[in-house]
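To start, the structure under review is shown below, and the notes come after it.
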Amino acid sequence: MNSTIADLKTRFEQALVAAFGEDYANTDPLLVPTSNPKFGDYQANVAMSLAKPLGKAPRAIAEQLRHHLDVSDLCEPPTVAGPGFINLTLKTAYLEGQLHAIQADPRLGVASVKDPKRVIVDYPSPNIAKEMHVGHLRPAIIGDCIARILEFVGHDVQRISHVGDWGTPFGMLIAHLRASYPKALTSTANLDLGDLSTFYRQAKQRFNADETFREAARLSVVQLQAGEQETLHAWKIVCELSSRSYQKIYDLMGILPVMERGESFYNPFLPDVVVELDALGLLVEDNGAKCVFLEGFTNKDGNPLPLIVQKSDGGYNYAATDLAAIRYRVQVDRAQRVIYPVGAEQTNHFVQIFQVGRRAGWITDNVEFFHAPFGFVLGENGQKLKTREGDAIPLKELLHEAIAHARQDLETRLAAEGRQETDAFIANVAQVVGIGAVKYADLSQNRTSNYIFSYDKMLALQGNTAPYMLYAYVRVQGISRKGQIDFEKLGANAKIVLQEETELVLAKHLLQLEDVLNQVSQDLLPNRLCQYLFELSQKFNQFYDRCPVLQAEEPLRTSRLVLCDLTARTLKLGLSLLGIPLLERM
RNA sequence: GGACUCUUAGCUCAGAGGAUAGAGCAAUCGCCUUCUAAGCGAUCGGUCACAGGUUCGAAUCCUGUAGGGUCCGCCA
């Protein structure tokens with residue numbers, strides 16, 4: 001479906017040419033939603049910007065443009081206001097027609113993009129053998145959401161988790177596996193190595209305390225890098241154990257499957273990266289390390305800052321792996337857009353590796369590498385969220401606590417209302433609300449800013465929270481239950497009549513989903529979708545308050561049922577793109 | 001020394017060149033015999049950190065200042 005704003009933009013472009021000639025064919029009409037509903041629905045700000053080039057008063061330009069503007073099928077007659085704004089108000093009949101069109105469309109009027117791109121989203125990339133913790137919360141939630149949105153609007157999306165599955169800590173883990181679980185290496189049976197973090201802690205303790213063990217660990221690293229069979233086998237066991245533990249978290253969070261393609265995957269390509277950089281003359285040996293000196297970065301003494309690609313001992317570091325990944329994603333994966341939802345503290349690192357990738361010729365103008373930075377998760381004291389002992393909070397713990405909070409809220413409310421519900425109902429509502437609240441709290445803030453993690457605020461029943469939106473959806477379901485309405489059977493020719501102000505406001509908002517999704521797929525700021533859904537819920541609640549549905553006379557009754565249905569479907573789709581499922585009752 | 005980032009209502013935050021800067025919470029006051037009041041309406045609340053500049057127009061772009069956060073050679 002052609003979005004209204006895109007349609008109007010075309011009309012303006014035609015009017016600009018008609019009024020001022022071909023020179024103005026590519027002039028942006030500066031068409032935006034109005035800043036205030038009293039000005040109508042859309043405003044064009046182009047007249048002011050043309051005052052200088054045309055040498056005319058902006059209001060006169062606006063008038064001239066208005067005469068050449070043909071929007072009578074969409075809008076009431078345009079008006080000129082203020083210094084030269086051209087204000088547009090959509091016709092009710094047009095809105096009714098548009099609603100009718102999206103009602104029949106499973107995609108609710110959101111067209112698939114005309115130029116689908118191959119996109120890689122790189123998240124949440126934890127380190128093997130370490131439990132996922134609060135540091136992985138944002139990449140998992142934001143990455144999953146970005147991937148869902150880009151996929152929905154029609155791109156070819158690949159989710160890749162660049163897990164830390166190679167390097168020195170593995171010696172320790174493998175040595176521990178050999179010493180404590182020798183059977184793991186010979187038997188193919190499923191092993192229970194217990195809790196992952198316990199396994200890691202034990203290995204670490206032993207590494208710190210025992211010199212012979214340290215030696216065994218070092219030997220294991222060498223064997224691993226040499227590709228020694230038994231060591232590789234042990235490595236794989238540790239990786240699989242980790243994957244299983246991640247998968248449990250992803251399932252709990254409702255994160256769609258990601259392809260694990262970790263650092264080890266790029267291991268064979270690391271020498272090529274060094275060779276290529278060297279051949280291009282970018283590589284400089286400094287203190288035994290092979291480096292690329294960066295443009296625009298200096299160290300504390302004011303000298304150019306190197307990016308170390310190969311360490312003086314011949315080993316590789318994460319910069320090398322990241323460069324190999326850049327190269328591979330362009331040359332083999334043929335990605336056109338690569339998105340890294342990673343904390344803002346790594347901004348320098350990404351600027352640096354992208355710079356080197358560009359200078360090496362891997363990143364060209366045809367491919368966009370984008371670091372989508374996000375801020376910290378802070379505790380209610382405004383400091384980085386940590387346990388009392390100063391450790392990162394395990395994700396499992398944090399999520400279960402959210403569920404427990406949600407459950408307590410629910411049980412309190414059930415008791416207050418004298419309602420009886422089954423254990424299964426309570427458990428399901430608590431999980432959907434608890435996890436949804438955590439995800440929504442994260443996504444509803446501007447990605448780039450820090451945010452304060454508060455169970456009380458994210459689970460609040462009013463305001464811009466997951467429960468508020470889930471409730472709006474539940475209200476619609478309440479109507480369909482009460483009236484025994486099957487929304488799917490409303491019929492494609494159900495008449496839509498917009499009479500009340502709240503109906504018009506709701507209708508206009510319903511029609512903006514496509515614009516919002518297009519914007520979010522561009523700027524990758526999911527909070528804009530959250531804002532849209534929150535406003536939708538508010539507008540629905542206002543409509544619900546003012547307009548009886550089931551008791552209304554026809555044709556209003558059916559028309560309002562369609563508005564309810566469209567609201568519910570829009571919430572369902574929108575929340576699903578945030579990775580949040582819905583409830584029929586709560 | 002350098003780089004990035006933030007500073008908007010009492011609190012938590014939107015706002016990415018357009019008209020009188022918005023929302024939620026908190027506070028105060030209304031609205032349930034009627035589809036779940038987990039709701040709706042109203043009131044209160046601002047020197048957009050500060051100073052310059054660009055622009056017809058700046059919370060938004062540029063420069064500087066102050067204050068907070070983060071990062072800066074062989075961890076990822």
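Everything quoted here is computed from the prediction, not taken from an experiment. Order of the sequence lines fixes the chain letters, A, B, ..., with proteins taken first and strands second; residue numbering starts at 1 for each chain.
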State whether the distance check finds a donor on one side and an acceptor on the other, under 3.5 Å, for side chain [X] versus base [N].
{"X": "A:Arg475", "N": "B:A37", "answer": "no"}
{"X": "A:Asn87", "N": "B:A19", "answer": "yes"}
{"X": "A:Glu263", "N": "B:A76", "answer": "no"}

With [atom1] as the reference atom in both, quote the distance from [N] to [M] in angstrom, rounded to an integer.
{"N": "B:G2", "M": "B:C61", "atom1": "P", "answer": "23 Å"}
{"N": "B:A27", "M": "B:C11", "atom1": "C1'", "answer": "12 Å"}
{"N": "B:G18", "M": "B:C25", "atom1": "C1'", "answer": "30 Å"}

Pairing check on [N]: which nucleotide meets the Watson-Crick or G-U wobble criteria with it, both distances under 3.5 Å?
{"N": "B:C35", "value": "none"}
{"N": "B:G45", "value": "none"}
{"N": "B:U70", "value": "B:A3"}
{"N": "B:G57", "value": "none"}
{"N": "B:U63", "value": "B:A51"}

B:C35, OP1 or OP2 - any side-chain N/O from A:Arg560 closer than 4.0 Å?
no

Answer yes if the side chains of A:Tyr468 and A:Asn541 hold a donor-acceptor pair under 3.5 Å, and no otherwise.
yes

Can you check whether A:His162 and A:Tyr266 have ring centres sitting under 6.0 Å from each other?
yes

How long is the straight-line distance from NE2 of A:His133 back to CG of A:Asp391, given to the nearest 0.5 Å?
10.0 Å

Which distance, rounded to the nearest 0.5 Å, do you find between the OG of A:Ser444 and the CE of A:Met469?
8.0 Å

For the base of B:A19 and the side-chain ring of A:Phe85, does the geometry meet a stacking cutoff of under 5.5 Å between centres and under 30° between planes?
yes

Would you call A:Phe39 stacked on B:A19, i.e. ring centres under 5.5 Å apart with the planes less than 30° off parallel?
yes

Per the O4'-C1'-N9-C4 / O4'-C1'-N1-C2 angle with a 90° window around 0, B:C32 comes out syn

A:Lys457 side-chain proximity, nearest of B:C4, B:C11, B:G39
B:C11

